[in-house]
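Below is one structure, written out as structure tokens; the observations come after it.
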Amino acid sequence: MNIKESFVEATSETTPPPTQKWKFIDKELEKRKSSNQERFLKRIEPIDSLYVRVNGKTLLNFASNDYLALSKHPLLQEYTIRFLKKFGCGATASRLVAGNFTCHEEIEEKLACLKHSETALLFNTGYQANISILPAIAGKETLIFSDRYNHYSLLQGASLSNARVFRYQHNDFDHLKKLLIRSSDYPFHSMRKIIVTESIFSMDGDQSDLYQLKNLADEFDAILFVDEAHATGVFGSNGMGLTVDYPVDLSMGTFGKAAGGFGAYLTCSRKMKQYLINCCGGIIYTTSLPPSVLGSICAALEIIPKMHLERSLLQKRARDLRESLQELGFSTAVSSSHIIPIIMPDEKRALDVSIWLENKGLFVPAIRPPSVPSHQSRLRISLTCALEDSHLSVLIDALRDWKKISGGL
Ligand SMILES: *Cc1c(COP(=O)(O)O)cnc(C)c1O
């Protein structure tokens, strides 16, 4: 008998047990469905800076991170095409091999200048930056102090680093200080410390106190790492984030939000950049950003510093909207920016209101656990400078109607 025949004989004699290997999928999806937490992709067609078509219906967009309405800006499109034609579609290799073009370096120089930092380093995405920088600068001998509301990518980075992670209560610097004091005791006293926070928090739209954080970091000889994903383009001098005015050790941000394109950055010291080029997997083992994307970043960096008027209007409208929502009896939690949550009593209510608004032509997504803590489901409004007072009135009127019909929260 040859090998093939003996294989057929052996397998035909026994009936294989029913397959178990996909059971985890049914189990997880069932769990999410029963707790109103199952998510689905929506098919979106971008129309202009104000409207999107969602599942075939045209809606006023309150869900975009395109805060300065740059994603369709003519200069970004022009530079995107110009860079593509000049340098090609792809970067062809990682930065360390053959993918470090003049345009990568020029953008880093421009960025460092705008951020008032020694130097800058491009990353492919903010997610990739966070999950690869933290493991590069932290290890078993490190203590990471992380704000409880930090973005998932920061948690993931901390966990991949194998550091000991202490999560302090959101923006609670007394709690942070207690944890830092405790860490000065044996056996932690000689370990490296890193404090990690966002500058504008992505789900609550509030701000961290960088002045206090910097003082604490100095007092305890800790590295301060700040995620400026939602501040870049919108806050600080040149619109380049809050760390421009409160320099910190490491500041990262994304070009996928207010900069209207894609990609991410870190600003840091020259020595740190040299260290990361040698030790950060997210730089070493990945193809660098393609020229077209660099074109859009280059254009955005030209425009953003000049957009003072748009930035102040955006925050004025955000203030007005928060006030109107509060007058209607909604909680906007601790928001102090263009990101405005409307806290809902539960997942189902958040979904119901979101669907109700959608039927009125308004796109306001419901955000549910695990993106936010349980019992903190919400509608998340993110304003862009394309939205004018008249558009905000439509939203306020719709929410007022919903309140009347539903009898309140
Ligand atoms: C969006 C976001 C990121 C990820 O940035 P991408 O460039 O979209 O990958 C990281 N941190 C925070 C706080 C974010 O909101």
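Reckoned from all heavy atoms, side chains included, excluding hydrogens, waters and symmetry mates. Each ligand, and each atom within it, is numbered from 1 in the order the structure gives.
- Screening residues 66-85 for salt bridge (Lys or Arg N to Asp or Glu O under 4.0 Å), with sequence neighbours left out, gives E78-R82.
- Between E323 and R319 there is no salt bridge, since none of the side-chain N atoms of the basic residue sits less than 4.0 Å from a carboxylate O of the acidic one.
- With sequence neighbours left out, K86 forms a salt bridge (Lys or Arg N to Asp or Glu O under 4.0 Å) with no residue at all.
- Ligand 1 is surrounded by T125, G126, Y127, N130, H151, S153, E198, S202, D227, A229, H230, T254, K257, each with at least one heavy atom closer than 4.0 Å.
- Between K27 and E30 no salt bridge is recorded (no basic side-chain N to carboxylate O distance below 4.0 Å).
- Listed by first and then second residue, the salt bridge (Lys or Arg N to Asp or Glu O under 4.0 Å) pairs involving residues 278-295 amount to none (not counting sequence neighbours).
- No side-chain N or O of K193 forms a donor-acceptor pair with one of S183 less than 3.5 Å apart.
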